[in-house]
Amino acid sequence: MEDRDVRLVELPTVESGVPEAVGAISVLTGGEDCPFEIKRIYWIHGGRKDEVRGHHAHRTLWQLMVPLAGSFDVILSNGAESRMFRLASARQGLLVGPGYWRTIVVRSEGSVLMVAASAAYSEADYIRDYEEFLAFRKSLRGADELSRTDGRVRDA
Ligand code: T46
C-alpha cells in the first residue's frame with residue numbers, strides 16, 4: 001500500500017539538555033508536522049495487552065496517531081491492500097487520511113495512544129460496516145476517475 005495520505009511522520013524532538021536527564025521533548029505543531037488543522041485531541045489508554053479496537057473507517061477525518069507510551073499495531077486497509085504499522089516511538093506519528101479501515105491492537109499494558117484529529121467527534125463520520133466501507137472506497141475511485149478525466153467518463 002503506497003497511499004500518499006498514510007505515512008509515518010518524524011516529530012521534531014529536542015533531546016534533553018538538562019544535566020543528568022535522559023528524557024526528550026517531542027513536538028506536534030498543527031499545520032507543520034501534520035497537514036491539517038487540529039480540532040480535537042483524544043487518547044486511548046488503560047487497555048489490556050492484545051486488546052483489539054477500531055474496526056471502522058472515517059469518511060472525512062484526518063488523524064495523526066502518536067504512541068505516548070507503550071506500543072500499538074495499527075492495521076490500515078484501503079479495501080484492496082492492507083499494511084501494518086507498529087507504533088512504538090513517541091518521536092513518530094502515523095498520519096491517516098479519510099477512507100481507511102483500521103484495526104488497532106494494544107501491544108503492551110499501560111500503552112497510551114494520542115490521536116490528533118481534524119474535526120470534533122461525529123458518529124456520522126464513522127463507517128462501521130465493512131461492506132459499506134468497500135462501497136465507499138468504490139465511490140471514491142469513481143470520483144477520482146471523473147476528476148482525472150476532467151469530468152468526462154472515459155470509454156471502457
Ligand atoms: C479512531 C481510533 C484510533 C466519543 O464520544 N468521542 C470521541 O472523541 C471518541 C474518539 C469516541 N467517542 C465514543 C464513541 C464510542 O461510543 O467513545 C466510544 C468508543 O469509540 P470507538 O469504538 O470508536 O473507539 P476506538 O478506539 O475503536 O476508535 C477510536 C476513535 O473513535 C477512532 O476515530 O480512529 O480510536
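Numbering of ligands and ligand atoms starts at 1, following listing order. Position 1 is the first residue of the sequence; numbering continues from there.
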key: Nearest protein heavy atom under 4.0 Å from atom 10 (C) of ligand 1, yes or no   = yes
ask   = Quick one: does Arg128 get a heavy atom under 4.0 Å from ligand 1?
value = yes
message = Quick check on the hydrophobic clustering: are Trp62 and Val74 connected, directly or via other members, by side-chain heavy-atom contacts under 4.5 Å?
response = no
Residue Ile104 vicinity, atoms of ligand 1 by number, heavy atom under 4.0 Å = 2 (C), 3 (C)
query = Honestly curious: do Met114 and Phe36 fall in one hydrophobic cluster under the side-chain, below-4.5 Å linking rule?
reply = yes
key: Distance flag for atom 26 (O) of ligand 1, protein heavy atom under 4.0 Å   = yes
query = Could Glu132 and Arg59 be called an ion pair, given the rule that one side-chain N must be under 4.0 Å from one carboxylate O?
reply = yes
inquiry  = My question is simple, although I want it checked carefully: is atom 5 (O) of ligand 1 less than 4.0 angstrom from any protein heavy atom?
reply    = yes
query = Quick one: which ligand 1 atoms are inside 4.0 Å of a heavy atom on Arg102?
reply = 1 (C), 34 (O)
ask   = Among the heavy atoms of His58, does any lie under 4.0 Å from an atom of ligand 1?
value = yes
request  = Working to the nearest 0.5 Å, report the span between CD of Gln63 and CD1 of Ile38.
outcome  = 12.0 Å
Element-labelled atoms of ligand 1 that are located less than 4.0 Å from some non-hydrogen atom of Arg40 = 7 (C), 8 (O), 9 (C), 10 (C)
query = Who's the nearest protein heavy-atom neighbour of atom 30 (C) of ligand 1, and how far?
reply = Tyr42 OH, 3.2 Å
inquiry  = Show me which atoms of ligand 1 lie under 4.0 Å from any heavy atom of Gly54.
reply    = 27 (O)
Identity and distance of the protein heavy atom lying nearest atom 28 (O) of ligand 1 = His56 CE1, 3.2 Å
key: For Ile44, atoms of ligand 1 separated by under 4.0 Å from a heavy atom   = 26 (O), 35 (O)
message = Strictly inside 4.0 angstrom of atom 1 (C) of ligand 1, do you find any protein heavy atom?
response = yes
query = Do Phe133 and Phe136 have ring centres separated by under 6.0 Å?
reply = no
query = Is the NZ or CZ atom of Arg137 positioned over Tyr100's six-membered ring, under 6.0 angstrom from the centre and within 45° of the axis?
reply = yes
note = Atoms of ligand 1 under 4.0 Å from any heavy atom of Arg53, numbered from 1 in the order shown, are 24 (O), 25 (P), 26 (O), 27 (O)
inquiry  = If the cut-off is 4.0 Å to any non-hydrogen atom of Gln63, which atoms of ligand 1 fall inside it?
reply    = 1 (C), 32 (C), 33 (O), 34 (O)
Any donor-acceptor N or O pair under 3.5 Å, side chains Ser82, Ser77 = no
query = Starting from atom 15 (C) of ligand 1, which protein heavy atom do you reach first, and at what distance in Å?
reply = Tyr121 OH, 4.4 Å
query = Are Glu51 and Arg53 within salt-bridge range, i.e. N to O under 4.0 Å?
reply = yes
ask   = Roughly how far, to the nearest 0.5 Å, is CG of Leu87 from CZ of Arg107?
value = 11.5 Å
request  = May I ask you to identify, for His55, whether its side chain, its backbone, both or neither come under 4.0 Å of ligand 1 on a heavy-atom basis?
outcome  = neither
inquiry  = Tell me the protein heavy atom at minimum distance from atom 31 (O) of ligand 1, and give that distance in Å.
reply    = Tyr126 OH, 2.5 Å
inquiry  = When you group the ILVMFWY residues by side-chain heavy-atom contacts below 4.5 Å and let the links chain together, are Tyr126 and Leu61 in the same group?
reply    = no
note = Separation between SG (Cys34) and CE (Met65), nearest 0.5 Å, reads 12.5 Å
inquiry  = Evaluate Glu123 for polar contact with ligand 1, using N/O atom pairs at a separation under 3.5 Å.
reply    = no
request  = Report whether Val115 and Val105 are members of the same hydrophobic cluster (ILVMFWY, side-chain heavy atoms less than 4.5 Å apart, transitive linking).
outcome  = no
